[in-house]
Amino acid sequence: QQQVRQSPQSLTVWEGETAILNCSYEDSTFDYFPWYHQFPGESPALLIAIRPVSNKKEDGRFTIFFNKREKKFSLHIADSQPGDSATYFCAASANNYAQGLTFGLGTRVSVFP
Amino acid sequence: NAGVIQTPRHKVTGKGQEATLWCEPISGHSAVFWYRQTIVQGLEFLTYFRNQAPIDDSGMPKERFSAQMPNQSHSTLKIQSTQPQDSAVYLCASSSFQNTLYFGAGTRLSVL
């Protein structure tokens, strides 16, 4: 049973467009929602994270939108650049890490110039 | 700060052999996590320690996998009687109280 569902599996956008990645979760005890990115040959690294006290978190071109009622959150990459091409993973954890972080299956983003 | 160090980077074992993977967390980090990454299953949580104590091992296959953290400077993941389906990249991560996971480069395990 996949506790964190992620879509789409892959996404292609042109340089300058906004890429939108979606995640949903089932466990209402989840209270921390990070996004990690992974470049080919490298390990995942934290990109941005949000807690349910907020419904939006921005960091430069990256924005998380969070909908607690629908148990959904999304990552928007504005003004996409070829260097943003990577696999992006959403994740969730509960109770301040009483449990391990659960990842989605990832979205492979390709940005073409 | 060298980051999370994992050894070996690559390990090849024959079916039925044992594999031990090592992880040295970032100094001062109180939590250590083990994940397994495959194309099909993505990043699968295996187990995690906080202050050397096992907190959650809900992702560990019960029969052949075990993990230990004998001191704050290293953790091991042992797989007994390895099977081809154990082939994956095993990632160790450490974290401080701020919750960000810092991953090591991983150990690529290939079971022939």
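Proteins get letters first, then strands, A, B, ... in listed order; numbering begins at 1 in each. In this text the structure is predicted, and so the values were computed from the model without any measurement.
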Practice task
Could you go through the side-chain contact (heavy atoms from CB on, under 4.5 Å) check for A/L101 and B/L101 one step at a time?
Solution key: CA-CA 9 Å; A/L101 196 60; B/L101 297 188; 3.6 Å; yes
Exercise for the section: Verify the neighbour count for atom CG of B/L112: are there more than 12 heavy atoms of other residues, nucleotides or ligands below 6.0 Å? Expected result: yes
Exercise for the section: For A/R108, look at atom CZ and say whether over 12 heavy atoms of other residues, nucleotides or ligands are found less than 6.0 Å away. Expected result: no
Practice task
Return each pair, listed once, that meets ring-ring contact (aromatic ring centres under 6.0 Å, His included) where at least one residue sits in residues 13-32 of chain B; pairs must be two or more places apart or across chains.
Solution key: B/W22-B/H74, B/H29-B/Y102
Handout entry: Greater than 12 external heavy atoms within 6.0 Å of B/K62's NZ
Key = yes
Problem - A/S43 side-chain N/O to B/G104 backbone N/O, donor-acceptor pair under 3.5 Å - result: yes
Exercise for the section: Please assess A/F89 against B/Q37 for the test side-chain contact (heavy atoms from CB on, under 4.5 Å), listing each intermediate value before the final yes or no. Expected result: CA-CA 12 Å; A/F89 296 93; B/Q37 186 171 28; 3.6 Å; yes
Exercise for the section: Measure the CG-CD distance between A/L105 and B/E44 for me, rounded to the nearest 0.5 Å. Expected result: 9.0 Å
Exercise for the section: Drop me the distance from A/F103's CZ to B/Y35's OH, to the nearest 0.5 angstrom. Expected result: 5.0 Å
Exercise for the section: Please flag which part of B/L43 lies under 4.5 Å from any non-hydrogen atom of chain A: side chain, backbone, both or neither. Expected result: both
Handout entry: disulfide (SG to SG under 2.5 Å) contacts in which one or both residues fall within residues 32-71 of chain A, not counting sequence neighbours
Key = none
Problem - Crowding at CD, B/Q68 (>12 non-hydrogen neighbours, <6.0 Å) - result: no
Practice task
Nearest 0.5 Å please: distance from the OH atom of A/Y36 over to the OG1 atom of B/T100.
Solution key: 5.5 Å
Exercise for the section: Let me know if A/E42 has heavy atoms under 4.5 Å from chain B in its side chain, its backbone, both or neither. Expected result: neither
Exercise for the section: Sort B/V89 into side chain, backbone, both or neither according to what part of it lies under 4.5 angstrom from a heavy atom of chain A. Expected result: neither
Handout entry: Flag if over 12 foreign heavy atoms under 6.0 Å of CD, B/Q72
Key = no
